[in-house]
Amino acid sequence: MLEVSQIRANRQQAIDALKKRHIDAEQTVNDVIGLDDKRKHAQFTLDQNLGEAKKVASEIGQMMKEGRHEEANSAKEKTSELKKYNQELDQELKQIEVDLKNALAGIPNTPHESVAAGRSSEDNETIRSWGKAEDASHATPHWDLAKTYNLIDFELGVKISGAGFPVYMGKGAKLQRSLIQFFLDQGEKAGYTEVIPPHLVNAESGFGTGQLPDKDGQMYHAVEDDLYLIPTGEVPITNIYRDIIVADEDLPIKNIGYTPCFRREAGSYGKEVRGLNRLHQFDKVEIVQLSRPEESYAALEVMVKHVESLLQQLELPYRVLRLCGGDMGFTSALTYDLEVYAKGQGRWLEVSSVSNFETYQANRMKLRIKSKDGEKRLAHTLNGSALALPRILAAVLENNCDGNEIKIPACLVPYTKFDSIA
RNA sequence: GGAGAGUUGGCAGAGUGGUCGAUUGCACUAGUCUUGAAAACUAGCGUGCCGCAAGGUACCGAGAGUUCGAAUCUCUCACUCUCCGCCA
């Protein structure tokens with residue numbers, strides 16, 4: 001959620017920045033400022049009236065104490081009208097606050113100045129790439145390899161749950177688990193503290209990181225208990241710090257966590273989503289940072305480098321993209337996507353998304369920093385996949401198969417305890 | 001799932017209708033004292049909103065209600081603890 005004070009101070013910049021998302025925010029921004037004006041006025045009037053009511057009440061108390069009952073009774077009668085009026089004002093103020101919050105929550109984050117104004121993934125900018133994306137028209141896609149080598153059973157998953165819920169088996173399961181362990185260990189080396197958060201969250205948490213109300217239909221909802229299955233570890237891990245004031249000297253705060261992720265992916269079908277490319281349940285290791293505003297963009301770069309080092313150790317060719325305004329998530333100010341080249345499909349697969357949300361999530365969550373001299377300000381939040389498992393697994397299988405056996409990348413062998421799948 | 005007891009500021013813990021946003025202790029910050037530290041003493045020390053400020057206003061788990069007036073009374077919900085039941 002954008003801050004009203006920022007919108008007021010930089011009204012035109014905000015509108016211009018949102019144009020990169022192809023949103024004309026002029027009307028909404030004016031509405032927000034108008035509602036905020038109304039809110040301030042209503043708050044002022046209410047406070048004044050409450051003060052008056054309070055004064056009368058304490059006077060009555062004094063009269064009662066002194067036994068002046070008649071005076072007290074006549075004063076009581078006079079206050080009833082004031083009381084009624086205050087109730088109306090209170091309702092009015094609450095309504096304005098709800099309207100204002102809804103209007104604000106409906107505005108996406110303002111893109112960073114480096115973000116281009118494109119419309120779709122076509123307009124994303126490739127920042128750099130590593131490794132060679134070999135032509136391999138004869139290479140095999142992972143869904144065939146998974147079957148040949150008995151690593152993943154997609155049909156079995158269909159029986160148990162439905163499409164998009166694969167069953168990993170034997171060395172496939174071990175490889176998956178090894179990747180998770182490798183990612184966690186690398187994160188710990190980079191200074192992240194591991195957490196294992198809940199996999200179901202309440203609506204407040206969903207709102208805090210911005211999944212609600214924007215992406216309501218994309219999450220599984222356990223209606224009976226009004227809990228949502230997490231679409232990413234970002235939600236529970238970032239919400240650890242909801243309604244928290246952190247001491248400046250405790251920053252940056254760096255957490256890493258492995259969680260399964262659940263996404264409804266309503267309406268997806270076709271070869272783009274075949275095999276492991278898009279699932280309803282998948283595993284991911286997520287890194288989250290809370291940062292001082294002036295340090296958040298430096299932190300973002302370091303996070304991207306961390307993800308790159310994982311891909312390099314896995315020897316997977318990749319490229320780093322800076323997303324354009326039209327392709328960027330609702331809550332993000334700047335997002336880098338990392339894509340690996342999957343030889344068997346001849347495609348780039350998105351395996352990580354690293355974002356700086358600036359104060360957008362912090363404002364929703366009321367996550368603040370308190371400096372030594374008592375000054376309070378909103379923190380910046382950042383997160384990134386480090387990494388998302390299924391597509392990494394797909395790329396590892398496709399890129400390391402020589403037609404005979406699949407070689408395990410050296411960095412994983414200490415975890416898998418086998419160096420090839422034959 | 002059943003029965004009972006609770007939920008107050010960073011922590012502990014008073015407060016059962018009228019200057020209570022809240023006694024006190026600990027922790028924390030600054031100062032005095034000290035060669036330094038400790039101790040002692042002094043002062044400060046929650047959050048939101050309105051306001052240039054002075055100040056005002058709201059918040060005692062959440063929401064609603066009774067009352068001129070609620071931390072205190074009533075109702076609903078959430079959570080915690082104890083006992084019983086069930087269970088990896």
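Chain A is the first sequence line, chain B the second, and so forth, proteins listed ahead of strands; every chain is numbered from 1.
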Query raised in the report: What residue pairs, at least two apart or across chains, pass ring pair (Phe, Tyr, Trp, His ring centres under 6.0 Å) with a residue in residues 219-238 of chain A?
Result: A:His221-A:Tyr228

Requested in this report: Check every strand shown and say whether A:Leu46 touches a base, only sugar-phosphate, or nothing at a heavy-atom separation below 4.0 Å.
Outcome: nothing

Query raised in the report: Are the ring centres of A:Tyr297 and A:His112 closer than 6.0 Å?
Result: yes

Report summary line: The first and last nucleotides of RNA chain B lying within contact of chain A, meaning any atom under 4.0 Å from one of its heavy atoms, run from B:G18 to B:G69

Query raised in the report: If the C1' atom of B:C59 is compared with that of B:A71, how far apart are they to the nearest Å?
Result: 11 Å

Query raised in the report: Roughly how far apart, to the nearest Å, are B:G1 and B:G48 at atom P?
Result: 37 Å

**Report entry** Pair A:Glu52 + A:Lys55: basic N to acidic O under 4.0 Å
**Finding:** no

Query - Residue mapping more 5' on RNA chain B - nearest nucleotide basis, A:Gln91 or A:Lys76 - result: A:Gln91

Query raised in the report: Within 45° of the six-membered ring axis of A:Tyr149 and under 6.0 Å from that ring's centre, is NZ or CZ of A:Lys171 located there?
Result: no

Query raised in the report: For atom C1', what is the distance between B:C49 and B:G21, given to the nearest Å?
Result: 15 Å

Report task. Describe the nucleic acid contact of A:Lys372 in one word from base, sugar-phosphate, nothing, applying a heavy-atom distance below 4.0 Å. Result -> nothing

Report task. Look at all strands and tell whether A:Ile60 reaches a base, only sugar-phosphate, or nothing, counting heavy atoms closer than 4.0 Å. Result -> base

Query raised in the report: If you measure from the Lys or Arg side-chain nitrogens to the Asp or Glu carboxylate oxygens, is any gap between A:Asp248 and A:Arg292 under 4.0 Å?
Result: yes

**Report entry** Derivation of the side chain to side chain donor-acceptor pair (under 3.5 Å) call for A:Gln361 and A:Thr209
**Finding:** CA-CA 5 Å; A:Gln361 292 182 328; A:Thr209 32; 5.1 Å; no

Requested in this report: Would you write the dot-bracket representation of RNA chain B, where each base gets (, ), [, ], | or . depending on whether it forms a Watson-Crick or G-U pair under 3.5 Å and with which partner?
Outcome: ((((((((.[[[..)..(.....]]].(((((.......))))).(((((....))))).[[[[[..)....]]]]])))))))....

Requested in this report: Would you indicate what A:Lys54 reaches in the nucleic acid, counting non-hydrogen atoms under 4.0 angstrom: base, sugar-phosphate, or nothing?
Outcome: sugar-phosphate

**Report entry** Residue whose nearest RNA chain B nucleotide is more 5′ - A:Val56 or A:Glu52
**Finding:** A:Glu52

Requested in this report: Between B:G36 and B:A54, how far apart are the C1' atoms? Round to whole Å, please.
Outcome: 44 Å

Query raised in the report: If the C1' atom of B:G15 is compared with that of B:U24, how far apart are they to the nearest Å?
Result: 11 Å

Requested in this report: Using a 4.0 Å heavy-atom cut-off across all strands, classify A:Lys370 as base, sugar-phosphate, or nothing.
Outcome: sugar-phosphate

**Report entry** B:A43 to B:U47 separation - C1' atoms, rounded to the nearest Å
**Finding:** 23 Å

Query raised in the report: Is a side-chain N or O of A:Glu398 found less than 3.5 angstrom from the main chain of A:Gly344, in a donor-acceptor match?
Result: yes

Query raised in the report: Ion pair present between A:Glu375 and A:Arg368, side-chain N to carboxylate O less than 4.0 angstrom?
Result: no

Query raised in the report: With a non-hydrogen cut-off below 4.0 angstrom, is A:Thr79 in contact with a base, only sugar-phosphate, or nothing?
Result: sugar-phosphate

Requested in this report: Using the P atom as the reference point in each nucleotide, state the distance between B:C87 and B:G13 in Å, no decimals.
Outcome: 36 Å

Report task. Check every strand shown and say whether A:Lys84 touches a base, only sugar-phosphate, or nothing at a heavy-atom separation below 4.0 Å. Result -> nothing

**Report entry** Test item: A:Leu227 and A:Asn202 side chains (from C-beta on) under 4.5 Å apart, heavy atoms
**Finding:** yes

Requested in this report: Using the P atom as the reference point in each nucleotide, state the distance between B:G9 and B:C60 in Å, no decimals.
Outcome: 11 Å

Requested in this report: Could you verify whether a donor N or O on one side chain and an acceptor N or O on the other, from A:Tyr318 and A:Glu339, lie under 3.5 Å apart?
Outcome: no

